[in-house]
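Each residue takes its place number in the sequence, starting with 1.
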Amino acid sequence: MPDLKSPFNSRITRNTLALILAGGRGSRLMHLTAWRAKPAVHFGGKFRIIDFPLSNCINSGIRRIGVLTQYKAHSLILHIQKGWSFLRGEFGEFVELWPAQQRIERGRDTTWYAGTADAVYQNVDIIRNHRPDYVLILAGDHVYKMDYGVMLASHVESGADLTIGCIEVDKARAREFGVLAVDDDRRVVEFQEKPAEPKTIPGKPDTSLASMGIYIFNRDFLFEQLFKDADTQGSSHDFGKDIIPNVIGRYRVLAYPFVEARTGVQAYWRDVGTVDAFWESNLELIGVTPPLNLYDTAWPIWTYQVQLPPAKFVFDDEDRRGMAVDSMVSGGCIISGSTVRHSLLFSNVRVNSFAYVQDSVVLPDVEIKRNCEIRNAVIDRFCEIEEGTQIGVDPDADRAAGFHVTPGGVTLVTPEMLGQQVNVLR
C-alpha cells in the first residue's frame, strides 16, 4: 500500500470530493432531534456529531467537501458556517452546504430528497463541476476517527468500482445495518439491508460484517448507477436498499475493514442513534483510557465554540463543596457548592448549591438549581431544572412528570417537557 505521505496518496485525496449526508431526522433520538437534525446533536462536551466526519476529511487531506442537508438544518448550517469557514477557496478548498433545492424535475414535479442515492443524484451537476476522480460518500451521524486516505489508496490499488467501509458487529445489532458477505479477496458477494436474520462471518457465528455507510465510488461509475436508479420504477433511491444490491456480482465491489493499523483489531465507531447509545457513548469518554481519545493531538477533532471562561468550582465548606469526580466539565461551567460524579457537562452549565449529579450527560446552557438530584439522565440544552427536582431516581415518577425514560433506564428531559418554551412557533 502506498505510504500516506507519498505524492501518490496526496494526489488521490486532492482528486476526491467528499459528500456528507446530513439530512436525516434521527427519530430514534426522540426529542433530541425535535428541533435539530441528528448530525447537529451535541456530543463529547464541546462538539457536534457532524464534526467527526468533517474532521476526518480535513485530517485525511480531503479538503473539498459538500454537506447535504434537509431536515431542520438551521442549527447545523449555523454551526458549519461559524466553525468550518477557515478553508481557502483560492486553493480549491471548501466545505459547501448543499440544501435540498428540488433541483431535479420529474415530469412537472420537483421533489425533496427521496433517499440517500437521490440526495446525491439531485446534485450531480454540482459534483460534475468539481471534476473529482473519486467521490467519498459519508454518513453525517456517526462518531469515529478514520483516515480516509488509506481507504482511498486501497480502493485505487485494488481497481474497485466501489469500496464499502465495514465493521464487525454483534449479530443482534446487525439488524440495524446493511450486512455484507465477502469472499477471501474482500469482494462483496452479497448485501442485505437491515435483514431480520443477518448473515454471520464464517467462523464467527455471533458476528456480522456491517456497512459503516462509507462508500468510495469512481466518479463515472457513480453517475452511471445514479442515472440507472433514477430511471428505475419503484426504486426507493437509496444506496443500501437499491444501488449496492444491484451492483453486487456485476461490478468490482470490495469491502474495506475498519481496523486499527497497528493491532488489526476493530477500531472505534459508534452509531449514537438512540438515547441509550448517545448516553453511553458520551459517558465512555470520561474513562481513564476511553475508547475514543479526544486528547489525540495527531488527530484533532475540529469544531466551533464561542470563547468561554474556564470551568469554575466554588465553595469548600463541609456540607457545600463544589466538586466534580470522574467527570468531564467544559468551559463556562460553574459547579457551585454541588457534587458532580461520573458525568459529562457541556459548555455553560451551572450546578447550584447542594445539587447532586451522577451518571448524566448535561447539554449546553443548562441550569440545575439548588437541592436537585439527577441520575442516569440526558438533560437537553437550555433546560432550567427547578429547585428540589429529582430526575432519574424513580422511573415511574419521571414518566408521570412527562419525561422520556428509555428501555435502558435513562431519563431524557427537554425544555418542552418542563413547560419551558425555547422554540416558539406562534
Find the distance between [atom1] ([X]) and [atom2] ([Y]) and round it off to the nearest 0.5 Å.
X      : Y      : atom1 : atom2 : result
Met212 : Leu180 : CE    : CG    : 11.5 Å
His237 : Gln122 : NE2   : CD    : 9.5 Å
Phe278 : Leu412 : CZ    : CG    : 9.0 Å
Asp185 : Ser158 : CG    : OG    : 11.0 Å
Leu97  : Gln81  : CG    : CD    : 6.0 Å
Arg63  : Thr16  : CZ    : OG1   : 14.0 Å

- Do other residues, nucleotides or ligands put more than 12 heavy atoms under 6.0 Å from the NZ atom of Lys241?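 No - once you tally the heavy atoms of other residues, nucleotides and ligands closer than 6.0 Å, there are 12 at most.
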- Do other residues, nucleotides or ligands put more than 12 heavy atoms under 6.0 Å from Phe91 CZ? no
- Query: After noting the C-alpha distance and the side-chain angles of Ile391 and Val393, does the key distance pass the side-chain contact (heavy atoms from CB on, under 4.5 Å) rule?
  - Reply: CA-CA 6 Å; Ile391 296 170; Val393 178; over 6 Å; no
Return a table of donor-acceptor pairs under 3.5 angstrom between the side chains of residues 46-58 and protein atoms on other chains or two or more places apart.
from, atom 1, to, atom 2, distance (Å)
Arg48, NH1, Ala40, O, 2.8
Asp51, OD1, His79, NE2, 2.8
Asp51, OD1, Trp84, NE1, 3.1
Asp51, OD2, Arg48, N, 2.8
Asp51, OD2, His79, NE2, 3.3
Asp51, OD2, Thr303, OG1, 2.7
Ser55, OG, Asp51, O, 2.7
Ser55, OG, Trp302, N, 2.8
Asn56, OD1, Met146, N, 3.2
Asn56, OD1, Trp299, NE1, 3.1
Asn56, ND2, Phe52, O, 3.2
Asn56, ND2, Tyr144, O, 3.2
Asn56, ND2, Tyr148, OH, 3.4

Flag, side chain of [X] to backbone of [Y], donor-acceptor distance under 3.5 Å:
X      : Y      : result
Asp242 : Asp238 : yes
Asp398 : Phe403 : no
Ser208 : Ala210 : no
Asp276 : Gly408 : yes
Trp279 : Asp359 : yes

Would you please say whether a donor-acceptor pair under 3.5 Å links the side chains of [X] and [Y]?
X      : Y      : result
Gln305 : Ser347 : yes
Gln70  : Trp98  : no
Tyr113 : Asn123 : yes

- Message: Working note: Asn348 + Leu308, criterion side-chain contact (heavy atoms from CB on, under 4.5 Å); need CA distance, chi angles, decisive distance, verdict.
- Response: CA-CA 8 Å; Asn348 276 337; Leu308 297 170; 3.5 Å; yes
Sequence-distant partners of [X], side-chain contact (heavy atoms from CB on, under 4.5 Å), two or more places apart:
X      : result
Gln192 : Val179, Glu190, Pro195, Lys199
Ser85  : none
Asp184 : none
Ser336 : Val314, Phe315, Ile334, Arg350, Ser353

- Task: May I ask you to say whether Asp296 pairs ionically with Lys145, meaning some side-chain N is under 4.0 Å from a carboxylate O?
- Result: yes
- Task: Verify side-chain contact (heavy atoms from CB on, under 4.5 Å) between Cys372 and Phe354, making sure each step is shown before the conclusion.
- Result: CA-CA 7 Å; Cys372 290; Phe354 311 111; over 6 Å; no
Review item, side-chain donor-acceptor pairs of residues 130-137, under 3.5 Å, at least two apart:
from, atom 1, to, atom 2, distance (Å)
His130, NE2, Glu96, OE1, 3.2
Asp133, OD2, Asn15, ND2, 3.2

- Taking Ser60 as the fixed residue, which of Val150, Leu152, Asp147 is the one that meets the side chain to side chain contact (heavy atoms under 4.5 Å, CB included) rule?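 Among the candidates, only Asp147 passes.
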- Item | side chain to side chain contact (heavy atoms under 4.5 Å, CB included) partner of Arg381, chosen from Pro364, Pro415, Ser75 |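 Among Pro364, Pro415, Ser75, the one meeting side chain to side chain contact (heavy atoms under 4.5 Å, CB included) with Arg381 is Pro364.
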- Message: Taking ring-ring contact (aromatic ring centres under 6.0 Å, His included) as the definition, give me every residue that meets it alongside His31, ordered by chain and number, with sequence neighbours left out.
- Response: His404
- Message: Once ring-ring contact (aromatic ring centres under 6.0 Å, His included) is applied, do any residues pair with Phe217, and if so which ones, sequence neighbours excluded?
- Response: Phe239
- Message: By the definition side-chain hydrogen bond (donor to acceptor under 3.5 Å, both in side chains), identify the one residue from Lys369, Glu367, Arg370 that meets it with Asn352.
- Response: Glu367
- Query: In chain order, what residues pass the side chain to side chain donor-acceptor pair (under 3.5 Å) check against Tyr304, with sequence neighbours excluded?
  - Reply: none
- Partners of Thr207 by side chain to side chain donor-acceptor pair (under 3.5 Å), sequence neighbours excluded?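 For Thr207, no residue satisfies side chain to side chain donor-acceptor pair (under 3.5 Å) once neighbours in sequence are set aside.
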- Item | Contact summary for Val41 and Leu32, nearest pair of heavy atoms | CG2-O, 4.1 Å
Side-chain donor-acceptor contacts of residues 165-175 below 3.5 Å, not counting sequence neighbours, with atom names and distances?
from, atom 1, to, atom 2, distance (Å)
Glu168, OE1, Lys204, NZ, 3.1
Glu168, OE2, Lys204, NZ, 3.1
Lys171, NZ, Glu197, OE2, 2.5
Arg175, NE, Ala196, O, 2.9
Arg175, NH1, Ala172, O, 3.2

- Task: Find out whether Ile368 and Ile374 are in side-chain contact, i.e. whether some heavy atom of one side chain is under 4.5 Å from a heavy atom of the other.
- Result: yes
- Query: Is there a side-chain contact between Leu418 and Cys383 (heavy atoms, below 4.5 Å)?
  - Reply: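 Of all side-chain heavy-atom pairs linking Cys383 with Leu418, at least one is under 4.5 Å.
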- Query: Going through the distances and angles, do Phe177 and Trp269 end up as a ring-ring contact (aromatic ring centres under 6.0 Å, His included)?
  - Reply: CA-CA 13 Å; Phe177 302 99; Trp269 182 86; 5.7 Å; yes
- Message: Please determine whether side-chain contact (heavy atoms from CB on, under 4.5 Å) holds for the pair Phe43 and Ser281, giving the CA-CA distance in whole Å, both sets of side-chain angles, and the decisive distance to 0.1 Å.
- Response: CA-CA 9 Å; Phe43 186 87; Ser281 297; 3.8 Å; yes
List the atom pairs, donor and acceptor, that lie under 3.5 Å between side-chain atoms in residues 284-295 and the rest of the protein, sequence neighbours left out.
from, atom 1, to, atom 2, distance (Å)
Glu284, OE1, Arg270, NE, 3.3
Glu284, OE2, Arg270, NH2, 3.1
Asn293, OD1, Tyr295, N, 2.8

